[in-house]
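Take a look at the structure below.
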There are 2 protein chains.
Amino acid sequence: MTDPTNPPKIRDVARLAGVSVATVSRALSNPAIVSEQARIAVEKAVAETGYTVNLMARNLRQQQVGAVLALVPNLANPFFSEILAGISDTLRAEGLSLLVLDTLRTDPDTPNGGIRSYLSRSRADGVIVLDGTLDPALFAHGSCPPLVQACEWIEGLAGPRVLADNETGARLAIEHLLGLGHRDIVHLTGPAKNTLSISRAAGVDAALATAGLPPAHRLEGAFTLSSGRAAAEALLARTPRPTAVFCDNDEMAIGLMAGLRAEGLDVPRDFSIVGFDNIEMSAYASVPLTTIRQKRAHLGRCAAERLLAQRTAPTPDETLILPVELVIRDSTAKRV
Amino acid sequence: MTDPTNPPKIRDVARLAGVSVATVSRALSNPAIVSEQARIAVEKAVAETGYTVNLMARNLRQQQVGAVLALVPNLANPFFSEILAGISDTLRAEGLSLLVLDTLRTDPDTPNGGIRSYLSRSRADGVIVLDGTLDPALFAHGSCPPLVQACEWIEGLAGPRVLADNETGARLAIEHLLGLGHRDIVHLTGPAKNTLSISRAAGVDAALATAGLPPAHRLEGAFTLSSGRAAAEALLARTPRPTAVFCDNDEMAIGLMAGLRAEGLDVPRDFSIVGFDNIEMSAYASVPLTTIRQKRAHLGRCAAERLLAQRTAPTPDETLILPVELVIRDSTAKRV
DNA sequence: TTGTATGCGTTATCAC
DNA sequence: GTGATAACGCATACAA
C-alpha cells in the first residue's frame with residue numbers, strides 16, 4: 001500500500017482509477033474540467049494509494065520553485081524574526097515555502113559569503129531583502145529572482161521597497177522630547193552608513209530645525225544591547241550634559257538605561273529616553289520605554305504581498321511607507 | 001550572452017566547450033574524473049555563458065530537495081530564532097537550504113494547520129521539529145522525511161533528540177537557591193503539558209528531595225513576559241510567602257520582576273529569582289538575572305548535524321543531551 | 001576518459 | 001472530455 005521507499009506515482013493512480021495520467025493530473029489541479037465520473041474515480045484512487053504530487057517534478061515542469069528566500073541580517077535578532085513571521089503568513093496562504101538565509105553568518109572564505117549561489121531562479125521564485133548592507137552587485141545578474149526590499153534598503157538596488165516611516169518616527173520622537181522641554185538631545189544611531197539611521201537622522205534634524213535648533217549630536221551604536229550600554233559613558237562625557245536621548249532601536253535604549261543605572265543615574269529624571277521599534281521587552285524594562293511602534297509582522301506581510309504581486313504584473317518600483325506611532329511610557333519626562 | 005528570460009542550459013555549455021552534456025555534468029560535479037583538457041574547456045564555457053545548474057532538474061534527477069524544514073513554534077521568539085541560526089550554519093556548510101515553518105501561525109481551517117502538506121519527501125530532505133505540541137500522527141506516514149527533535153520533544157514520536165540537560169539545569173538552579181538559604185521555592189513553569197517543564201519539574205523536586213524538602217509549589221505560565229508578570233499576583237497571594245522563584249525561562253523571569261517591582265517589592269531582597277536560557281536581555285534587566293545558560297545556536301547545529309548523519313547511516317534513536325550551566329548574577333541573594 | 005541514451009514525475013500540447 | 005506524448009534540465013548506466 002504505502003511503501004516508504006517507493007511512493008505512488010501519478011501512473012499508479014491512473015492505473016487504479018482506469019484513466020490516463022493526463023486525466024489524473026487535471027483532476028487534481030483543475031477538477032472542473034474533468035467529468036464527475038473521472039474525478040470521483042481519481043479521488044478514490046488517490047485516497048487508496050496515498051498519492052501526493054512530487055513537487056520537484058511539478059516545479060521542474062512549471063519552471064518554478066514554490067519558495068521565497070528571505071535574506072536576513074541576523075536571524076537571532078527578534079526584530080527580524082518577527083518580520084519573518086509576517087512573511088511566512090503570507091507565503092503560506094499562497095502555498096509557498098519560506099527559505100531563510102542569515103547573511104551575518106556568512107562564509108568568510110567566499111566573496112559575499114556564498115550568498116550569490118542562493119540568488120538563482122532555480123532556488124527561489126523571489127527574494128525579500130532585509131539586509132541593507134549587501135553588495136548590490138549580488139543581484140545584478142539575469143538569473144536573480146524578482147526581489148523586494150523590506151525594512152532596510154540598498155542604495156542602487158532596484159525593486160519595490162516596503163519601509164516603515166522612519167523619518168516621521170524620528171520626528172515624532174523628537175517632537176515629544178521637545179514638548180517636554182528638552183533642548184539638548186542626542187541621537188544614538190545604528191552604524192553610520194545604515195540606511196535606517198540616515199533617514200531617521202533626517203527626521204531628527206528636521207524636527208529640530210522646525211524648533212529653530214541645530215542638528216542633534218550623534219553617537220554611533222550598532223543596534224545592540226552592548227553598544228547601548230557602551231554609549232552611556234560617551235553620553236556622560238559630553239558637556240554640557242544632554243538631557244534626552246533618541247535611540248535608533250529599543251535594544252540600544254535598554255542597554256543605555258542599564259549603563260546609566262550602573263552610573264547611578266535615573267531615567268527619566270536625569271535623562272529622558274526614546275527608543276524605536278516597540279519590541280515586546282520594552283514594556284517590561286526597568287523603566288517602561290517610550291518608543292516608536294513599528295508593525296513588524298505587518299511589514300513582513302506587505303513585503304511578501306508585494307513580491308507575489310510581481311508574479312503577475314511586473315509592478316513599477318514603488319516604495320510603500322508604513323505608518324509608525326509614538327508609544328509614551330515612563331522613560332520620558334519633563335525636563336527639570 | 002546572458003539572457004534573463006532564457007538562461008543557458010547544460011547543452012549550451014556542452015556545445016560551446018565541444019564536449020557532450022555528460023562530460024559537462026561530470027566536470028561540474030566531479031572534476032577529478034574528466035581530463036584536464038575537458039575540464040578547462042568546460043570551465044571556460046561555463047564562465048562565458050554564465051551557466052549555473054538548474055537545481056530543480058538536478059533535484060528531480062537525484063531524488064532530493066536540497067533543503068531541510070524546521071518546524072518552529074514561534075518564529076518571533078528569539079529563543080527559537082537563535083536555534084534556527086545554528087541550524088542554518090550547519091546546513092549552509094553542506095550547501096543545503098533552510099525552510100522554516102511557523103507552527104503557531106497555523107491555518108485554523110485545516111486540521112493540523114496545513115503542516116501535513118509540508119511533511120513530504122518532495123518538499124524537504126529532512127525535518128527538525130522544535131515544537132513539542134504537535135500531533136505525532138502528523139509524522140506517521142511513509143512520505144515523511146527523516147526527522148530530528150530538538151529542544152522540545154513529542155511523546156510517542158520516534159527519531160533522535162537533541163536536548164538541553166533540563167533536569168540538571170533545574171537542579172543547579174534549586175541547589176543554588178538552597179545554598180542561599182531558601183526553603184520555600186516556587187517553580188514558575190511553562191504550560192503544564194510542556195515536556196520541558198515536566199523534565200525541569202523532575203529536576204526541581206529531585207534537588208528538593210535530596211535536601212529533605214517536599215516538592216515545589218508550581219505556578220503555570222506560558223513562557224511569555226506577560227504570563228511572568230501575571231504570576232506576581234499569584235505569588236504574593238501565597239502564605240507563607242515564598243522567598244524564591246525558579247522560572248522556566250528568562251522571559252517569564254523578567255516579566256515576574258516587572259510585576260513584583262510594580263508591587264513595590266525588591267529583587268533579590270524580597271525574592272530571589274532564577275531564570276532559564278540566558279537570553280541576551282537577561283544581563284541587561286533592571287536586576288541582572290541569575291539563570292541557566294543554554295547554548296542555543298550550538299543546539300541548533302547539533303540537531304542539524306544529527307539529521308545529516310541520518311542521510312548516510314540510519315542512526316539509532318539516540319538522545320543527545322547538551323550540558324547547561326548556572327550563571328550567577330544579581331537576582332539571587334542570601335535569604336534574610 | 002568520453003558519448004549515447006534513458007529516466008526522474010509531472011504538466012501541457014495536441015489530436016481525437 | 002480524454003489519451004498519448006513531448007518537454008522540463010539534469011545525472012548516470014552502459015557502451016565505446
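To find a chain, count down the sequence lines: A is the first, B the second, and so on, and within it residues start at 1.
As a whole-Å value, the separation of Arg58(A) CZ from dA12(C) P is 9 Å. Per the geometry, CG belonging to Leu60(B) stands 17 Å off P belonging to dA7(D), to the nearest Å. Between Ile10(A) atom CD1 and dC8(C) atom P there is a gap of 14 Å when expressed in whole angstrom units. Rounded to whole Å, atom P of dA5(C) lies 15 Å from atom CZ of Arg11(B). One interatomic measurement links the two molecules: CG of Asp12(A) to C1' of dT10(C), which rounds to 13 Å at whole-angstrom precision.
Side-chain contact, Thr103(A) with Asp131(A): a donor N or O sits under 3.5 Å from an acceptor N or O. When only modelled atom types and interatomic distance are considered, Thr49(A) and Asp12(A) share no side-chain donor-acceptor pair under 3.5 Å.
Minimum atom distance to the side chain of Thr23(B) is reached by dT2(C), of the listed dC10(D), dT2(C), dG3(D). Which of dG3(D), dT2(C), dT11(C) sits closest to the side chain of Arg26(B) comes down to dT2(C). The listed nucleotides are dT12(D), dT10(C), dT2(C); the one nearest the side chain of Ser25(B) is dT12(D). Comparing dG9(D), dT2(D), dG3(D) against the side chain of Gln63(A) picks out dG9(D) as the nearest. Listed candidates were dG9(D), dG3(C), dC8(C). Nearest to the side chain of Ala57(B) is dG9(D). For Arg61(B), the listed nucleotide lying nearest its side chain is dA11(D); candidates were dA11(D), dG9(C), dG3(C).
In this structure, Lys295(B) places its NZ atom where only 12 or fewer heavy-atom neighbours from other residues, nucleotides or ligands lie under 6.0 Å away.
Distance check: Leu196(B) CG to Gln294(B) CD gives 7.5 Å after rounding to the nearest 0.5 Å.
Two residues, Val19(A) and Gln62(A), neighbour DNA chain D, and the one matched to the more 5' nucleotide by heavy-atom proximity is Val19(A).
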